[in-house]
Structure formats: C-alpha cells, structure tokens
Amino acid sequence: MSDPEITLNKIEVSILKNLDLANPVGFKDLIKKTSLGQDQIRRGVEWLKYKELINIKEIVNSFYKLDSNGIISVSKGIPERRLINSILNGKKNASEVLRDKTIDSSEINIAIAKAKSNGWIILETNGELKIITNGEPIRSDEEVLLNRIKGSKVSENDLSTTDLTTLKKLSKRPKFIKEIEEKILLYTITQKGLTILKESQTIPKEPRLTVDLLSTGNWKNVSFSKLDVQAPVPLSYPGKRHPLTELIDEIRCAFLGLGFTEIEGDLVQSSFWNFDALFTPQDHAAREMQDTFYVQNYVETENPDPIIIKNVSNSHKLGWNYDWKIEDSQRSVLRTHTTPVTLKYLSESRPEEAKIFTIGRVFRNEKVSYKHLVEFNQIEGIITGKDVTLRDLMGIQKEFYSKLGIKKIKFWPTFFPYTEPSLQSMIFNENLEKWVELFGMGIFRPEVTRPLNIPNPVLAWGGGIERIAMLRYGLNDVRDLYTNNLSWLRNSTRCL
Ligand code: PHE
C-alpha cells in the first residue's frame, strides 16, 4: 500500500520516471535524461530520498592524470627521447648532452638508465663514458601511454594489463602521474517509489485553486497537489540596519518607556561645560592632551553667563584651592562624555523635577584596542527631584538593564570629580566569564549644582553603548562592531 500523504511535484516525477530499480543512474546522466538543471536535480533527489522513494549510493572512482613532468614530457619529449635526439645531433657523452640544454642535470641519470633499458643506447667505457645509438627508436610504451592520457583522465577500467604495468612505471617517476578521486552518486528507484509514481500518474492533480473551480463547485471533485510548507528555501539577506544602530534604538525605547525625555547637544563643547562646570580641576589628568582632543580655532558663540562663570570659578578656588583661569575653560574640545549636555540643560532649565536622557558620540584620545575606541557612543541619564536618593539611582539602573535583558548586576564605589557618592555598575559578561564595568553614576556634588542654581538633588549616570553591544552580540573585541564583517552583519539577529 502506498502512503496517501506522499505527493510528487514535477521535478520529482521527472526524476523518478528516469530511474530504474536495478540499474543505477548517475548524476550527470540524470541531467541529460531529464533536461533539468543541476540544482533542480540536487533538490529533487533530496526530497525523494527523504520520502524513501529512491536510494542513493556513493562510490569513489580513481582517475589518473598527467602531473607537471608528465605534461612537459608530452610537449618537449620524455627525458630519454631528448637524450636520443641530442646524441643523434652529434653529442657523444653526458657532459656534451648537458651542454645542449635540452635536458636538465636532474633528468640525465634517469634518461640514460631508461634509454639503456629500452635498448636505445649502448654505453662504452674506454677511459671516458661514450653513448652510442643506432638510429631513432620507435615510441616506448611509456611515451605511448603519456600521449594517451594527455589532456584527459583515465580510470583503471580503461586500461589493459600491459597499460597498467606501464602506468606503474610512470607513477614511480617524480611528478609524471597524479591520482585523483571523484565521488559519484548513483540513484535507483525504490519499490515504494515505483508505486507512488504510478499513482501520481493515474490521479490527475490540479496545481492550484482557480476562480472557475470555486464558482462551479468542481473543487469538490479534484484532488490538489500538496504544498510542502517545510521545504527548504534559499537564504536571502535583505538590507537591514546595523546591529549597533538597532541597539541604540532599543536603549532609546527603554528610556522613553521609563518616562524619560530625550535631549541633544553639540559634539564640540567648551572646556567650561565639559570639565569646569563639572568641578573637574584644570590640572586634572583627563584634561591633558593625551586624553582629550582639543579643537583649534573654534569660536564659541554662546559664552556662559558671567555670574555662572564667577560661581564656578569660586567653587574651584574654594574646593580645590588653586587659581582658576578663564582661558583654560574657553578651549574647545570634542566632548569626552555626554555629561556637559545634561549639565547645560540643567543650568538653562533649572527644573524642580525631570527625567532626562541623551545619547551620542563622544571622543577620547586613547590608544585603540580590543576595549577602547577613540570615538564611541554614550548613553547618559539624570533624574532630579526633591526627594531622590541613591536607592532610586540603583533602582532605575536595575530597571533599565533588565529591559535590555541584563539581570546579573552589582554596584561598586568609585570616584568622579562631580558626584558624591559615586558608584559604578558592574554586569556579568557570560562570554568572558567576568564582571565588567558598565556605567558610572552618582549624585551631583553641591559644588556642581549650586553654582548653576539647580534647585534639587540630581541623580546622574552614563556609560558606553558599545560595551552593551559586545555583551549583546557576544563580541570580545569592540572593533568588530566597526569592521563591516559581512557574514557577522548578515547573521546577527535582533532578538537572542
Ligand atoms: N561621565 C561619566 C563617564 O563618561 C559617567 C558619569 C555620568 C558618571 C554621570 C557620573 C555621573 O564615564
């Protein structure tokens, strides 16, 4: 009995029709017989094998081809033939032959030995070795076989016993013959295949439902060919956004979802907002040339309010006890973090309450390595309000990380000139099996908020997005995000 579930498509029918129970048909013959394309046959036989309608047998055939010295021997003559020709041209011994340059020193010994065993020459020694020949000999069996193989390949089945002995001789000579193996697939139809094929031809199948079949009600009387909805299809790679851009958007959505508002700021900032207003002393290491990119000849159009400048200057004098210089605060920098954006906003709006975030590029004059880039993206957020506490800061971190699927986190005390207390969050990188720092955070010091007349405490945090991307995509080198490795870009998935 046949399986009522098994249906055949056109390709399968055409393959089955050309197969036999006993005599195997090869892949190439199947192409000829069916006039189908290689890929159609390849796919068709896979389907048929899966349905147990055909058997596939793989055999390995050995073939022989000419190798480099074999090819030279066919075009320029086998070494012993070149020896004979040289002697016929008047050369009398090995050194004279070698001077002739038609034969190489590595070939001369074998050429003499072969010519001698072929009976083409006689060696005479009277003080000096002399080679004598009596005319041009007919082709040796080795020459004949080389000529037969040239430009094609032969299998052992094509060769007689004498040919096989000659082949053995040729195979012993370096790089005359090479053996190649070819896998051949042979197909036969199974009994089940025969039955299914027969049935498929007796019951006519409608390929698809038509308006006509529907309106006449004839659909009840016909049987439809089934569609295999699980059949493999070719992979296609449509254009898509870069994984890092996807992540940035995901982070943006996470903050919006938590009730935050996004703000934006300039890439070039004055040192005043990037450092001074953040209570970072003018001799701080981060401000040195090796950490910060200073921008030459950039004219700041919006200078801070003179009262604010005065307040910040006093805050530095009082807190750090040094002579604060306005010129240093006027130098423009490629922002080293996104905190000046937040701070400018706070200084301009002085909100009683706010939940704000910003995302953008920052720049650090660092050596590029597996964990450092000179440009990267930061995410930064603040919450200000009358009663906000450090607990709220840690709570919101947990909330945010869990939205990104990060559950294993801890907090560690650290230092920033502008926050007190200061913390850093650490998350567990399963890939590297260690804790890695993620965000810096803290409560802005009064030395930061008071000069700007910010009314309430501000919880602030920020850090690199590429760090999160490395975790998300299991990368051990941050540069991989920017090398445009096509296979990684194609295969990276949005959801894990
Ligand atoms: N600006 C810090 C950095 O770039 C992060 C930070 C933001 C720290 C806000 C404390 C408060 O690493």
Side-chain angles (χ1 to χ4, degrees), residues 265 269-292 294 300 302-352 354 356 358 362 364-365 378 380-390 392-394 411-425 437 439-463:
Q269 297 278 345
S270 66
S271 292
F272 185 84
W273 289 111
N274 198 80
F275 297 121
D276 296 291
L278 282 160
F279 199 51
T280 307
Q282 293 187 325
D283 62 357
H284 192 280
R287 297 177 73 145
E288 307 258 305
M289 287 301 250
Q290 55 268 43
D291 272 31
T292 304
Y294 285 90
E300 187 74 45
E302 281 175 73
N303 286 318
D305 186 324
I307 299 169
I308 288 184
I309 298 182
K310 188 146 198 355
N311 291 348
V312 167
S313 150
N314 282 340
S315 176
H316 277 245
K317 272 179 206 151
L318 223 76
W320 297 112
N321 193 19
Y322 73 102
D323 212 6
W324 186 83
K325 289 199 217 65
I326 189 157
E327 302 78 48
D328 281 2
S329 78
Q330 284 164 337
R331 299 177 72 188
S332 298
V333 300
L334 290 182
R335 65 184 187 194
T336 58
H337 52 178
T338 39
T339 318
V341 178
T342 333
L343 205 63
K344 254 187 196 170
Y345 161 83
L346 286 170
S347 148
E348 277 158 20
S349 314
R350 293 200 297 268
E352 291 274 336
I356 297 295
T358 184
V362 299
R364 300 227 176 133
N365 195 354
Q378 268 198 344
E380 157 129 358
I382 51 148
I383 299 181
T384 179
K386 213 156 168 263
D387 303 315
V388 292
T389 66
L390 198 68
D392 297 318
L393 178 59
M394 295 195 280
F411 296 95
W412 208 252
T414 187
F415 173 79
F416 295 103
Y418 37 97
T419 48
E420 181 60 35
S422 304
L423 299 177
Q424 72 193 17
S425 58
E437 295 161 23
F439 286 179
M441 65 194 74
I443 303 179
F444 277 146
R445 299 178 76 107
E447 287 89 338
V448 173
T449 50
R450 226 179 284 136
L452 306 179
N453 289 320
I454 297 164
N456 284 325
V458 181
L459 313 176
W461 65 92

For the atom pair [atom1] ([X]) and [atom2] ([Y]), what is the distance rounded to the nearest 0.5 Å?
| X | Y | atom1 | atom2 | answer |
| --- | --- | --- | --- | --- |
| N456 | T384 | CG | OG1 | 5.0 Å |
| L278 | F272 | CG | CZ | 9.5 Å |
| Q378 | T358 | CD | OG1 | 9.5 Å |

Which residue, R335, K344, H337, forms the side chain to side chain donor-acceptor pair (under 3.5 Å) with Q269?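 With Q269 as partner, side chain to side chain donor-acceptor pair (under 3.5 Å) holds for just one option, K344.
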
Residue list, salt bridge (Lys or Arg N to Asp or Glu O under 4.0 Å) with R287, at least two apart or on another chain: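 With sequence neighbours excluded, R287 shows a salt bridge (Lys or Arg N to Asp or Glu O under 4.0 Å) to D276, given in chain and number order.
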
Hey, are the side chains of [X] and [Y] touching, using non-hydrogen atoms and a 4.5 Å cut-off?
| X | Y | value |
| --- | --- | --- |
| E380 | V341 | no |
| L423 | L390 | yes |
| Y345 | P351 | yes |
| T338 | V362 | yes |
| Q424 | F411 | no |

On a heavy-atom basis, which atom in [X] and which in [Y] lie closest, and how many Å separate them?
| X | Y | answer |
| --- | --- | --- |
| S347 | I308 | OG-CD1, 3.7 Å |
| F275 | T292 | CZ-OG1, 3.7 Å |
| Q282 | D323 | OE1-O, 4.4 Å |

Can any side-chain N or O of [X] pair as donor or acceptor with the backbone N or O of [Y] at less than 3.5 Å?
| X | Y | result |
| --- | --- | --- |
| N274 | T336 | yes |
| D392 | T389 | yes |
| S313 | W324 | no |

Applying side-chain contact (heavy atoms from CB on, under 4.5 Å), run through W461 and S425 and close with a yes or a no. CA-CA 10 Å; W461 65 92; S425 58; over 6 Å; no

Could you list the donor-acceptor pairs under 3.5 angstrom formed by side chains in residues 439-452, with sequence neighbours left out?
from, atom 1, to, atom 2, distance (Å)
R445, NE, E447, OE1, 3.3
T449, OG1, R445, O, 3.3

